[in-house]
Amino acid sequence: MYLFQIFVMPLFFYTCFAREEDVLELSDSDFESRIAEHQTALVMFYAPWCGHCKRLKPEYAKAAEDLIRNDPPVALVKVDCTEGGKETCNKHSVSGYPTLKIFRNGEVSQEYNGPREAAGIVKYMKAQVGPSSVELKTADCLKKLLAAEKESVVVGFFEKESLLKASFLKIANKLREKVKFAHTSFKELLDAQEIKDGLVLFRPTHLQNKFEENSVKYTGDADAAEIQKFITKNFHGLVGHRKPDNRQEFENPLFVAYYDVDYVKNPKGTNYWRNRILKVAKEFVGKANFAISSNDEFQHELNEFGLDYVKGDKPVIAARDAKNQKFVLKDFSVEGFEIFISDVLEGSIEPYLKSEPIPESNDQPLKVAVAKNFEEVVVNNGKDTFIEFYAPWCGHCKKLAPVFEELAEKLKDEDVFIVKMDATANDVPSTYEVRGFPTLFWLPKDFKDSPIKYEGGREIDDFIKYIAKEATNELKGYDRSGSPKAGKTEL
């Protein structure tokens, strides 16, 4: 499992409504004087009409509730760049919305590059204040720390200065925005752990279970890289609680149980099903990774597995193997889950493929690819291929559509396929990195394993010049520069 963004979520975070008054609204007239009052502040420069700002606003307010009570407190501030804060926004070079910056004692310290949901903001900003590792001076300090934290905590126990302590503090500083660290030289704590120079990862109380130890001791040397590997490997345990801001931390092959995961309103029911996942997961240690996720928080992800809605109390299992292929188990049972895992890992069942129906006819110049015919239309067509991945709602795609149709018509007699594929309705092979629309790739017919992303212009002449130059065999109607050959009649 990979460790990227891990956050703390206090109990009252869920049980209180976000309060706008916890966010300070400042303007040109009071920004400099008021911002200087705060040791650490996060400032959101926004525009009221901005869609991203509107989505961030409630998350920002939720985070402010928690951070204003932090010790030391962190102020969350907002400035309207369209009205009373124009001069302030200009002074701080705000060119897009929302722009977030961290201020310390009234001066800009750094750009904010953290999460943009409440829990992630809280975790990120708490890491900006105080030491990267908290010193524990009494046994009660450790007890309170472990009771308060909702994620695993890494504690260093050091009788005296050592190479291990130096490496530990180095890693704590590196991962301070992701992991909670503490250290101690208090004899009572060292004796209780029977450690004089070592580290312990403590699992959060609500995730402790009978299938794995509540804490894990580090037995390696003082190498910082090894310490980081230890934390990464053990942080989530056998079955981690996978949330929107930490989903990237779980590596394939991955089996996720989606159900009504709620550790605030229903911890007993949540762990009822997690324990059943744990019972099976312990049999596959080192072979696969496991997690639980809220079906409500991940509905968009479930849709990618063809699951519109999870009915009933039982989990549904969605899995990805090492090749990122997708698999679904809808009718959960402990016995069925174990068989399902074995089948996925052995490659003995068919993966789920999100796909539109294969077109009844694909004889037109512009070919249509869907997930189910991708190999035939794109990979194994025996021709150079130029493919567009588009979204039906995308304005740029709509503008490109007639140009692509014209391109296909002009090159219909060439050794080239012009292809389009709706990337919102079909699974896109992992070889193609599609992050926006439209995205275009060129595939030489003899090197289909290495698609080349097209970054050129989007007029008809731009495409023809590119294809004429890159074509495996020179085009019949155009020379290598893209100029029509003698006798070629332009359509």
Side-chain angles (χ1 to χ4, degrees), residues 4-26 31 34-35 37-48 50-81 85 88-89 92 94 96-106 108-130 132 134 145 148-151 153 175-180 204 241-249 262-265 294 296-297:
F4 293 101
Q5 292 176 347
I6 300 154
F7 61 86
V8 178
M9 192 172 292
L11 181 61
F12 64 80
F13 189 88
Y14 285 95
T15 57
C16 298
F17 291 102
R19 300 190 306 172
E20 282 291 326
E21 58 262 36
D22 289 333
V23 179
L24 302 178
E25 178 88 43
L26 302 183
F31 183 83
R34 295 290 304 279
I35 201 69
E37 297 172 0
H38 302 282
Q39 182 179 356
T40 305
L42 177 61
V43 180
M44 174 175 67
F45 299 97
Y46 76 100
C50 161
H52 293 297
C53 302
K54 291 177 181 177
R55 285 191 288 274
L56 177 59
K57 188 177 179 181
E59 299 296 320
Y60 204 67
K62 289 178 184 178
E65 278 188 66
D66 191 358
L67 289 170
I68 201 171
R69 298 168 175 81
N70 189 59
D71 184 18
V74 177
L76 263 60
V77 179
K78 60 182 179 180
V79 177
D80 184 348
C81 294
T88 302
C89 294
H92 293 288
V94 176
Y97 309 114
T99 293
L100 290 91
K101 296 176 184 282
I102 297 173
F103 284 70
R104 299 185 194 278
N105 299 312
V108 175
S109 171
Q110 65 196 76
E111 299 289 327
Y112 175 85
N113 296 311
R116 296 204 173 187
E117 87 295 323
I121 295 171
V122 169
K123 178 65 178 179
Y124 190 96
M125 290 308 300
K126 280 188 174 182
Q128 302 302 316
V129 296
S132 57
V134 178
L145 173 68
E149 295 300 322
K150 303 304 178 186
E151 299 284 353
V153 177
L175 300 180
R176 63 180 294 157
E177 293 163 1
K178 306 170 185 178
V179 184
K180 184 68 176 181
H241 182 186
R242 183 171 170 271
K243 294 164 279 192
D245 78 330
N246 72 1
R247 64 186 183 276
Q248 299 291 347
E249 300 166 20
D262 191 333
Y263 276 107
V264 175
K265 296 179 180 179
S294 165
D296 289 336
E297 289 183 323

Return the minimal non-hydrogen interatomic distance between [X] and [Y], and the atom names on each side.
{"X": "V122", "Y": "L67", "answer": "O-CD2, 3.9 Å"}
{"X": "Y97", "Y": "C50", "answer": "O-SG, 3.6 Å"}
{"X": "R55", "Y": "E59", "answer": "O-CG, 4.0 Å"}
{"X": "Y124", "Y": "N113", "answer": "OH-N, 4.0 Å"}
{"X": "L76", "Y": "A63", "answer": "CD2-CB, 3.9 Å"}
{"X": "A41", "Y": "I35", "answer": "CB-CD1, 3.8 Å"}

With a 4.5 Å heavy-atom cut-off, do [X] and [Y] have their side chains touching?
{"X": "L100", "Y": "L42", "answer": "yes"}
{"X": "R116", "Y": "P98", "answer": "yes"}
{"X": "V43", "Y": "H38", "answer": "no"}
{"X": "K180", "Y": "K126", "answer": "no"}

Find the distance between [atom1] ([X]) and [atom2] ([Y]) and round it off to the nearest 0.5 Å.
{"X": "T88", "Y": "F45", "atom1": "OG1", "atom2": "CZ", "result": "7.0 Å"}
{"X": "Y46", "Y": "C89", "atom1": "OH", "atom2": "SG", "result": "9.5 Å"}
{"X": "R242", "Y": "R247", "atom1": "CZ", "atom2": "CZ", "result": "7.5 Å"}
{"X": "N105", "Y": "T40", "atom1": "CG", "atom2": "OG1", "result": "7.0 Å"}
{"X": "D262", "Y": "E297", "atom1": "CG", "atom2": "CD", "result": "9.0 Å"}
{"X": "K123", "Y": "R176", "atom1": "NZ", "atom2": "CZ", "result": "10.5 Å"}

* **salt_bridge(E117, K243) N-O dist < 4.0 Å** => no

* Output yes when R34 and E37 qualify as a salt bridge under the 4.0 Å nitrogen-oxygen rule, no when they do not. => yes

* Check step by step if side chain to side chain contact (heavy atoms under 4.5 Å, CB included) holds for Q128 and E177. => CA-CA 8 Å; Q128 302 302 316; E177 293 163 1; 2.8 Å; yes

* **Centroid-centroid under 6.0 Å between F103 and F31 rings** => yes

* To do: Let me know which of D80, L56, V23, V77 forms a side chain to side chain contact (heavy atoms under 4.5 Å, CB included) with M44.
  => L56

* Does the pair V134 and L145 meet the rule for a side chain to side chain contact (heavy atoms under 4.5 Å, CB included), with working shown? -> CA-CA 10 Å; V134 178; L145 173 68; 5.8 Å; no

* To do: Before giving the answer on side chain to side chain contact (heavy atoms under 4.5 Å, CB included), spell out for M125 and I102 the whole-Å C-alpha distance, their side-chain angles and the decisive distance to 0.1 Å.
  => CA-CA 9 Å; M125 290 308 300; I102 297 173; 4.0 Å; yes

* **Working for side chain to side chain contact (heavy atoms under 4.5 Å, CB included), residues R104 and Q110** => CA-CA 9 Å; R104 299 185 194 278; Q110 65 196 76; 3.6 Å; yes

* N/O donor-acceptor pair under 3.5 Å between N246 side chain and H241 backbone ->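 Checking the backbone N and O of H241 against the side chain of N246, a donor-acceptor pair under 3.5 Å is found.
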
* **Neighbour count above 12 (heavy atom, 6.0 Å) for Q39 CD** => no

